[in-house]
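Structure record follows, encoded as structure tokens.
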Amino acid sequence: MLRVNDINKDKDRVIEGLIKRNYNNIGIIDQIIELDNKRKSLQTEADQYQSKINQTSRRIGQLFKEGRQEEAKLAKSEVSAYKESLKKHDTLQKDVLSQLEVALLSVPNIPHPSVIAGQSEDDNEVIRDWPHKLPELEEGALPHWELASQYKLIDFKAGVKITGSGFVLYRGKGARLERALINFFLDEATKAGFEEIMPPHLVNAVSAQATGNLPDKEGQMYHCVADDLYLIPTAEIPITNLYRDMIVREDVLPIKLAGYTPCFRREAGSYGADVKGLNRVHQFNKVEIVQIAHPDRSYQILDQMVEYVAGLLDKLELPYRILRLCGGDLGFTSALTFDFEIFSAAQRKWLEVSSVSNFETYQSNRLKLRFKERDGRNQLVHTLNGSALALARIMAGLLENNQTSQGIKIPEVLQPYTGFDIIK
RNA sequence: GGAGGAGUGGCAGAGCGGUUGAAUGCACCGGUCUUGAAAACCGGCAUACUUUACGGUAUCGGGGGUUCGAAUCCCUCCUCCUCCGCCA
């Protein structure tokens, strides 16, 4: 959520940013400013009434002590008149406040200056392409869903039977490889100085709203209605909310957290080749890295996170490219996002495996996550996060790219985790 | 699930229906002293909204109520603790 003060101060920049996103309801900015002005004047008037009530009440106490009953009685009626007016104000104010909140929640983050306008994912900029020749597979190479079935690594039918389409069941060496990847990613994160977190997999509405997933992603999350809890679509929600409503000391920044969780996404509206095999599933495993950073250093940290993710893909020997998302494709809460795509050689397709973003103060404003500066003032932190990495598609890439006539080769870094170097 | 108890500032811990945003201690910051440190002493130290400023308002788990006035009384929800039951 943007701060009203920032909108007020930088109205032109905000509007410019919204245009970059193809955001069509620009008028809302003026509405917000107007609502906030209304809020202020109502607040001031209400405060004045309250102040009079407080003053008079204190006087009544004094009068009673002095035994001046008559005067006290008079003062009492005075107070009830003020209370009448105050009540009227309160209803007005509540109404304005909720309108303001709804309006603010509907405004996305302002893109970083480096973000180009663009309409859709087709306009994303490739900022680092794969420098080598893309892998060419031999005649008869199979897509991962056929490999997974042939080597009995994943039972797609079982997932459908047990739950429904989009849910998969890993078994045998497939399950082992999946677990190896999780452990590898967690160990790498630990080595890089991230504290490992194992959070709850369901969150309440307050948490989902604090990270901006509600109301934006309402229909994309699984909702347990009986308890009003949401299955997490990413570990970002519980991990970031760990620091909700906190004021931290400046010297603890940056806070580096990493966690593995399954991620649940309804993916309503997806269809066709996109959802084949592991390309898009309703439940997948992911290790997420989160940083809570000083505003002055957040973009430097974003770059570090990008390099960290690139390093993981290097170690897994997967061909990849990095994209800077254009305004039209940028997530609601993000100011700048880099996507990582691996090349899945049998499908001849680029698959998104990571998204690394800086949210600046968009989340921290909602989270009320601040740090205390040396001079004692409180300032909002910047929050960042990235997938490191999303497993299902990594699995797809590994299976396809490493298939040989002898079997599927396991990258060297994973072998200590799998206990085998080839799947036959 | 049943019975009882409790939720106050970063922490600990007072708190009477009426100048209580809240005693006190610890922690923290600044200063005096000291060659330096410790100790001692002095001062500062919640958050938010609002105001050019003085100031005003709100917040003692959340919400509602009683009252001229509520941290203090009542209702309700949440959380934690103790005991019993059940159970990975």
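We name chains A, B, ... by the order of the sequence lines, and we start the count at 1 in each one. Just so we're clear, the structure is a prediction, and the values are computed from it rather than from any experiment.
- The heavy-atom pair separating D123(A) from I116(A) by the smallest distance is O-CD1, 3.5 Å.
- Going from the P atom of C80(B) to that of C74(B) covers 24 Å, rounded to whole Å.
- Across every strand in view, U82(B) sits in a pair with A3(B) that passes the Watson-Crick or G-U test at under 3.5 angstrom.
- Between the CZ atom of R58(A) and the P atom of U67(B) there is a distance of 21 Å, rounded to whole Å.
- The same atom, C1', is picked in G13(B) and in C83(B); the two are 27 Å apart, to the nearest Å.
- Between Q50(A) and A58(B) there is a side-chain polar atom (N or O) within less than 4.0 angstrom of OP1 or OP2.
- Using cut-offs of 30° and 60° on the angle between ring planes, the pair Y222(A) and F167(A) is tilted.
- Considering only side-chain N and O atoms, N54(A) lies under 4.0 angstrom from the phosphate OP1 or OP2 of A58(B).
- Of the C1' atoms belonging to A39(B) and A22(B), the separation is 31 Å, rounded to the nearest Å.
- Whole-Å rounding puts the Q379(A) CD to U47(B) C1' distance at 16 Å.
- When the P atom of C68(B) is taken as reference, atom CD of Q62(A) falls 19 Å away, rounded to whole Å.
- Atom NE2 in H89(A) sits roughly 15 Å away from atom P in A58(B) (whole-Å rounding).
- Considering only side-chain atoms of D47(A), the nucleotide from G18(B), U67(B), G56(B) that sits closest is G56(B).
- For the pair K217(A) and F332(A), the cation-pi test (distance below 6.0 Å, angle within 45°) is failed.
- As rounded to whole Å, 10 Å separates atom C1' of A46(B) from atom CZ of R370(A).
- When rounded to the nearest whole Å, the span between CG of L63(A) and C1' of U19(B) equals 14 Å.
- For the P atoms, the distance linking G55(B) with G7(B) amounts to 34 Å, nearest Å.
- Taking for each of A46(A) and K76(A) the nucleotide of RNA chain B with the nearest heavy atom, the 5'-most of the two is the partner of A46(A).
- As rounded to the nearest Å, G2(B) and G21(B) have P atoms that lie 40 Å from one another.
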- Going through the checks in order, is the salt bridge (charged side-chain N to carboxylate O under 4.0 Å, His left out) test met by K87(A) and D90(A)? CA-CA 5 Å; K87(A) 224 173 208 171; D90(A) 267 358; over 6 Å; no

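- Using a 4.0 Å heavy-atom distance criterion, R249(A) is classed as making no nucleic acid contact.
- In this entry A23(B) has no Watson-Crick or G-U wobble partner, no candidate having both defining distances under 3.5 Å.
- Among the heavy atoms of the strands, none lies under 4.0 Å from T56(A).
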- Item | Stepwise salt bridge (charged side-chain N to carboxylate O under 4.0 Å, His left out) check, R249(A) with D251(A) | CA-CA 5 Å; R249(A) 289 203 323 270; D251(A) 58 27; 3.1 Å; yes

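- Backbone-only engagement by K372(A) is indicated by non-hydrogen atom pairs under 4.0 Å involving sugar-phosphate atoms exclusively.
- Annotation: A14(B) and G9(B) have their C1' atoms spaced 13 Å apart (nearest Å).
- In this structure, M1(A) places its CE atom 14 Å from P of A48(B), rounding to the nearest Å.
- Contact check, S51(A) against U57(B): a side-chain N or O comes under 4.0 Å of OP1 or OP2.
- Using cut-offs of 30° and 60° for the angle between ring planes, the F194(A) and Y308(A) rings count as tilted.
- In this entry C49(B) has G56(B) as its Watson-Crick or G-U wobble partner, both defining distances falling under 3.5 Å.
- Summarising the geometry, the separation between CD on Q48(A) and P on A58(B) is reported as 13 Å, rounded to the nearest angstrom.
- Using the Watson-Crick or G-U wobble rule with both distances under 3.5 Å, A88(B) pairs with nothing in any strand shown.
- To the nearest whole angstrom, the two P atoms, one in C16(B) and one in C11(B), are 22 Å apart.
- With a cut-off of 3.5 Å on both pairing distances, the Watson-Crick or G-U wobble partner of C41(B) is G31(B).
- Salt bridge absent: K73(A) and E70(A) never bring a charged side-chain N and a carboxylate O closer than 4.0 Å.
- RNA chain B is contacted by R39(A), K40(A), Q43(A), T44(A) of residues 29-44 of chain A, taking any non-hydrogen atom closer than 4.0 Å.
- A salt bridge links K11(A) and D30(A); the closest N-O separation between the charged side-chain nitrogens and carboxylate oxygens is under 4.0 Å.
- The residue I247(A) sits close only to the backbone: its heavy atoms come under 4.0 Å of sugar-phosphate atoms, none of a base.
- If you look at Y49(A) and H89(A), their ring centroids are closer than 6.0 Å.
- A gap of 25 Å separates the C1' atoms of G5(B) and C87(B), to the nearest Å.
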